[in-house]
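Reminder, nothing fancy here: chain letters follow the sequence lines and each chain counts from 1. Heavy atoms only: backbone and side chains are in, while hydrogens, waters and symmetry mates are out.
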There are 2 protein chains.
Amino acid sequence: MSELVRTGATPVSEAGVDCCPTVLASPLPEDHAVALAGDFAVLADPVRLRLLSLLASATAGEACVCDLVEPVGRSQPTVSHHLRVLSEAGLVVGEKRGRWVWYRTVPERLTRLRQVLA
Amino acid sequence: MSELVRTGATPVSEAGVDCCPTVLASPLPEDHAVALAGDFAVLADPVRLRLLSLLASATAGEACVCDLVEPVGRSQPTVSHHLRVLSEAGLVVGEKRGRWVWYRTVPERLTRLRQVLA
DNA sequence: CCGATGCATCGAGGACTGTCAATGAGTGAG
DNA sequence: CTCACTCATTGACAGTCCTCGATGCATCGG
């Protein structure tokens with residue numbers, strides 16, 4: 001039903017990826033560097049990377065938490081924590097249906113993160 | 001004179017970026033995820049991102065450490081530490097000339113990291 | 001209603017990381 | 001040779017993050 005949209009302390013839509021065309025163009029200001037580092041920090045975890053790839057390669061392009069716990073090999077609270085981090089970064093979106101919450105990736109954000117490294 | 005090539009515990013040429021075409025293709029194995037997360041962790045620091053952009057936008061494409069300390073706003077040992085991390089990740093290369101060490105970026109590695117997010 | 005299921009949150013502990021002052025190693029000038 | 005300069009290394013401290021067990025909050029079945 002309701003879209004589980006997380007909004008962290010620094011809304012992703014205003015931070016990091018969205019301010020600078022590329023890292024190598026000009027001497028990156030301090031605050032932009034902090035925001036961008038935050039974006040990359042989200043990807044700097046094996047569990048989160050595996051969650052992203054699991055969701056992306058899922059049959060319907062989405063999966064519920066209960067289907068992610070076992071493949072990732074971590075406890076359910078830990079998986080929930082990482083999904084929250086990914087959600088706050090705008091890399092995934094969760095949608096609650098009945099007892100389950102279905103997550104899917106947001107490839108556009110990954111694309112924009114990619115362009116920063118040009 | 002001598003190329004300052006660092007080799008960390010996990011040689012960059014065998015880790016992370018070099019094993020998987022893209023994160024979203026298939027359910028990323030555990031060890032690959034760990035390696036990739038390590039690569040992204042190198043980018044998950046504001047000082048390192050600024051060092052990269054400073055080097056990339058430097059006049060001759062390179063700069064010595066003494067020219068990087070003041071713009072980055074950290075102590076000399078801290079800057080040296082971050083340059084070491086970047087060097088071990090293969091993102092920069094240092095070359096010693098006399099009393100100075102000149103660093104330059106290795107854009108090829110950044111390009112390969114970019115392709116993983118495809 | 002009542003119990004079971006799916007997921008989020010809380011709190012704590014353990015490991016890792018960024019930072020600096022102090023120090024060491026190598027180089028060039030005088 | 002000696003001093004000044006550039007950079008790397010060491011050791012220590014503080015902050016952050018990953019992880020889990022315990023708990024709480026919905027939802028559905030009977």
Side-chain angles (χ1 to χ4, degrees), chain A residues 1-10 30 33-34 37-51 55 62-89 92-104, chain B residues 1-10 30 33-34 37-51 55 62-89 92-104:
Chain A
M1 302 289 278
S2 60
E3 285 282 332
L4 295 183
V5 176
R6 323 264 194 173
T7 52
T10 56
E30 169 71 15
V34 172
D39 289 339
F40 283 118
V42 176
L43 298 178
D45 183 278
V47 175
R48 288 196 285 269
L49 288 179
R50 296 192 74 193
L51 287 174
L55 289 177
E62 58 184 7
C64 63
V65 182
C66 59
D67 291 334
L68 296 172
V69 171
E70 185 270 338
V72 158
R74 307 290 155 127
S75 69
Q76 176 268 319
T78 297
V79 172
S80 189
H81 161 68
H82 287 298
L83 286 172
R84 177 188 177 91
V85 174
L86 288 170
S87 183
E88 288 178 350
V92 304
V93 174
E95 181 183 351
K96 182 165 186 174
R97 302 180 198 154
R99 288 190 285 188
W100 295 270
V101 178
W102 295 86
Y103 281 94
R104 61 179 181 275
Chain B
M1 304 291 276
S2 59
E3 285 283 329
L4 294 184
V5 176
R6 322 266 193 175
T7 52
T10 55
E30 169 71 16
V34 171
D39 289 338
F40 282 118
V42 176
L43 297 179
D45 183 278
V47 175
R48 288 197 284 269
L49 288 179
R50 297 193 73 192
L51 286 174
L55 289 177
E62 59 184 6
C64 63
V65 181
C66 57
D67 291 334
L68 297 172
V69 171
E70 186 271 337
V72 158
R74 309 290 155 127
S75 69
Q76 176 268 319
T78 297
V79 173
S80 189
H81 162 66
H82 286 299
L83 287 171
R84 178 189 177 90
V85 174
L86 287 170
S87 184
E88 287 179 350
V92 303
V93 173
E95 182 182 352
K96 182 165 188 177
R97 303 179 197 157
R99 288 188 286 185
W100 295 270
V101 178
W102 295 86
Y103 281 93
R104 62 178 180 276

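- The bend of the helix from C:dC1-D:dG30 to C:dG30-D:dC1, defined by the angle between the axes of its first five and last five pairs, stands at 20° to the nearest 10°.
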Should A:R74 and B:E30 be marked as a salt bridge (Lys or Arg N to Asp or Glu O under 4.0 Å) after you check the CA-CA gap, both sets of side-chain angles, and the distance that decides it?
-> CA-CA 12 Å; A:R74 307 290 155 127; B:E30 169 71 16; 3.7 Å; yes

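- Rounded to an integer number of Å, the gap from CG of B:L51 to P of C:dG18 is 12 Å.
- B:D67 contributes atom CG, which lies 10.0 Å from atom CH2 of B:W100 (distance to the nearest 0.5 angstrom).
- The CG atom of B:L49 sits 8.5 Å away from atom CG of B:L86, with the distance rounded to the nearest 0.5 Å.
- Whole-Å rounding puts the B:F40 CZ to D:dC18 C1' distance at 19 Å.
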Scan nucleotides 23-30 of chain C nucleotide by nucleotide, 5' to 3', and note B when protein non-hydrogen atoms come under 4.0 Å of the base, S if they reach only the sugar-phosphate, - if neither.
-> ---SBS--

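- Residue A:H82 is in sugar-phosphate contact alone, with no base atom involved, counting any heavy-atom pair closer than 4.0 Å across all strands shown.
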Determine, step by step, whether A:V101 and A:L83 satisfy the side-chain contact (heavy atoms from CB on, under 4.5 Å) criterion, reporting the C-alpha distance in whole Å, the side-chain angles of both residues, the deciding distance to 0.1 Å, and the verdict.
-> CA-CA 11 Å; A:V101 178; A:L83 286 172; over 6 Å; no

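- Under 4.0 angstrom from either OP1 or OP2 of D:dT19 there lies no side-chain N or O belonging to A:H81.
- Residue B:R84 places no side-chain N or O under 4.0 Å from the OP1 or OP2 atom of D:dC7.
- With rounding to whole Å, A:L43 atom CG is found 12 Å from D:dC18 atom P.
- The residue among B:C64 and A:S75 whose nearest nucleotide of DNA chain D lies closer to the 5′ end is B:C64.
- The side chain of A:Y103 contributes no N or O atom lying less than 4.0 Å from OP1 or OP2 of C:dG6.
- Judged by distance alone, with hydrogens and angles left aside, the side-chain atoms of A:R48 form a donor-acceptor pair with the main-chain N or O of A:A41 at under 3.5 Å.
- In plain terms, the two heavy atoms of A:L55 and A:Y103 that are nearest each other are CD2-O, 3.3 Å.
- Rounded to an integer number of Å, the gap from CG of B:D67 to P of D:dC7 is 8 Å.
- We find that CG of B:L49 is positioned 12 Å from P of C:dG18, with the value rounded to whole Å.
- In this structure, B:L83 atom CG and D:dC7 atom P are separated by 10 Å, rounded to whole Å.
- A distance of 8.5 Å separates OG1 in B:T78 from CD in B:Q76, rounded to the nearest 0.5 Å.
- Positionally, the nearest nucleotide of DNA chain D for B:W102 lies more toward the 5' end than for the other of B:W102 and A:A44.
- Counting any heavy atom pair closer than 4.0 Å across all strands shown, B:V79 reaches no nucleic acid atom.
- Separating the CD atom of B:E95 from the C1' atom of D:dT6 is a distance of 16 Å, rounded to the nearest angstrom.
- To the nearest angstrom, C1' of C:dA8 lies 15 Å from CG of A:L86.
- We find the CH2-CZ distance between B:W102 and B:R97 to be 6.5 Å, quoted to the nearest 0.5 Å.
- A donor-acceptor pair is defined here as one N or O able to donate and one able to accept, closer than 3.5 Å; no such pair exists between the side chain of A:R50 and the backbone of A:D45.
- The phosphate of D:dT19 (OP1 or OP2) has no side-chain N or O of A:T78 nearer than 4.0 angstrom.
- Proximity note for B:V65 (side chain, C-beta onward) versus C:dT19, D:dC7, D:dC18: the nearest is D:dC7.
- Atom SG of B:C64 and atom CZ of B:R99 lie 11.5 Å apart (nearest 0.5 Å).
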